[in-house]
Amino acid sequence: MIGYIIVFFVLLVLFVGVPLGLFMLATSLIYNRRERALRSEAEAHRKILESTYDHIWKEIKKHCGLSEEHRRSFNNIYPNLIDNEMDDDTMLNWILDCNLDFDPTEYMVIMDNIADDRRRFVIHQRRMMTILREHRKLTGKGWPVKWVLKDKSAIHYVPIATNYERWGSHI
């Protein structure tokens, strides 16, 4: 009788335990690899978005003859600049407040460069929002993900609202 019980448990382990273990291992590899890929892609897009800010600031600083002390006021206008809510008079007045010697003929060159950066920002922020949505779906799943996923923490990013091109709702 004990021999049958031992055989039963050995068969149970072979036909249930081993496939279940292999399934959990494969699931763990798949979900953890996907989570790491989303996290690294989000970090890449965060760097691109930050470099867009830096590029716009450097362009304005270079063309308008501004100093680093004007960066704080630039931080205040940056969301409106990205959102394309600033009219030309407001932007030009801000530049003239910072540098009275600014040549207004340079203004259109600056705004053309900013328009390209704005498009780039919107494209990358849209992708960033998609990444955040995918990551939230992945980490919010129930069984078996909650048992095999190593890092369930959220990816932190605060989007800048933009009407320049609708990219969907906020996360």
Side-chain angles (χ1 to χ4, degrees), residues 1-62 68 71-86 111-171:
M1 186 69 174
I2 296 215
Y4 289 119
I5 293 174
I6 292 173
V7 169
F8 173 75
F9 280 116
V10 168
L11 290 175
L12 184 68
V13 167
L14 284 176
F15 290 108
V16 176
V18 171
L20 184 62
L22 290 174
F23 170 76
M24 293 299 283
L25 178 65
T27 304
S28 174
L29 291 173
I30 290 167
Y31 283 117
N32 282 302
R33 184 174 292 144
R34 180 68 183 144
E35 195 276 334
R36 280 192 309 273
L38 287 171
R39 205 170 277 284
S40 63
E41 188 178 358
E43 189 56 35
H45 282 281
R46 181 187 324 276
K47 288 178 182 176
I48 291 170
L49 293 168
E50 289 171 359
S51 73
T52 302
Y53 166 86
D54 289 337
H55 186 262
I56 290 174
W57 166 244
K58 286 175 185 172
E59 282 291 315
I60 291 175
K61 182 180 168 186
K62 180 176 79 173
E68 278 299 315
R71 187 172 226 164
R72 184 172 299 226
S73 63
F74 175 72
N75 291 343
N76 294 335
I77 69 160
Y78 181 71
N80 291 333
L81 185 62
I82 283 294
D83 194 19
N84 205 16
E85 285 185 355
M86 291 187 83
M111 292 314 286
D112 287 343
N113 291 341
I114 289 173
D116 292 339
D117 288 330
R118 190 181 293 128
R119 277 189 227 84
R120 179 176 169 218
F121 179 89
V122 169
I123 289 166
H124 287 285
Q125 182 162 271
R126 180 186 303 138
R127 179 60 189 142
M128 180 66 127
M129 300 309 286
T130 303
I131 292 167
L132 293 176
R133 232 181 338 272
E134 288 176 20
H135 189 265
R136 191 177 64 224
K137 278 186 201 175
L138 180 69
T139 57
K141 288 184 177 179
W143 182 89
V145 177
K146 67 179 180 180
W147 293 334
V148 297
L149 199 60
K150 291 178 185 172
D151 189 1
K152 298 176 202 143
S153 64
I155 299 172
H156 298 288
Y157 174 71
V158 178
I160 294 178
T162 176
N163 290 324
Y164 182 74
E165 186 176 327
R166 283 284 167 204
W167 44 262
S169 62
H170 292 295
I171 295 252

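Computation of the quantities below employed the complete heavy-atom set of this structure, encompassing side-chain atoms and omitting hydrogens, waters and symmetry-equivalent molecules. Keep in mind the model is a prediction, meaning the values are calculated, not measured. Position 1 is the first residue of the sequence; numbering continues from there.
- Residue pairs meeting the ring pair (Phe, Tyr, Trp, His ring centres under 6.0 Å) criterion with at least one member in residues 1-34, sequence neighbours excluded, do not occur.
- Note that the CZ atom of Arg120 and the CD1 atom of Ile56 stand 9.0 Å from one another [nearest 0.5 Å].
- For the residue pair Ile155 and Ile131, the shortest heavy atom distance occurs at CD1-CG2, 4.5 Å.
- Here CG of Leu138 is found 12.0 Å from CZ of Arg136. Values are rounded to the nearest 0.5 Å.
- Within the model, atoms CD of Glu43 and OH of Tyr157 stand 12.0 Å from one another, a figure rounded to the nearest 0.5 Å.
- Atom CG of Asp83 sits about 8.5 Å away from atom CZ of Arg118, to the nearest 0.5 Å.
- To the nearest 0.5 Å, atom CZ of residue Phe121 and atom NE2 of residue His45 are 12.5 Å apart.
- Remark: Ile114 CD1 to Thr52 OG1 distance equals 12.0 Å, nearest 0.5 Å.
- Of the possible polar contacts, none joining the Arg39 side chain to the His135 backbone as a donor-acceptor pair under 3.5 Å is found.
- Partners of Glu41 according to the side-chain hydrogen bond (donor to acceptor under 3.5 Å, both in side chains) rule, which considers only residues two or more places apart in sequence or in another chain, are Arg127.
- In summary, Arg71 and Asp54 engage in a salt bridge, as defined by a charged side-chain N under 4.0 Å from a carboxylate O.
- Tested against Tyr78 for a side chain to side chain contact (heavy atoms under 4.5 Å, CB included), the candidates Asn76, Asn80, Ile82 yield a single pass: Ile82.
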Verdict with supporting geometry, Leu81 and Ile60, side-chain contact (heavy atoms from CB on, under 4.5 Å):
CA-CA 12 Å; Leu81 185 62; Ile60 291 175; 4.1 Å; yes
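- Electrostatic pairing of Glu35 and Lys152 does not count as a salt bridge here, judged by no charged N lying under 4.0 Å from a carboxylate O.
- A salt bridge is defined here as a Lys NZ or Arg NE, NH1 or NH2 lying under 4.0 Å from an Asp or Glu carboxylate O, and Glu134 with Arg34 meets this definition.
- Side-chain contact between Met128 and Pro159: absent, with no pair of heavy atoms (C-beta onward) separated by less than 4.5 Å.
- Residues satisfying the side-chain hydrogen bond (donor to acceptor under 3.5 Å, both in side chains) test with Ser28, not counting sequence neighbours, are Asn32.
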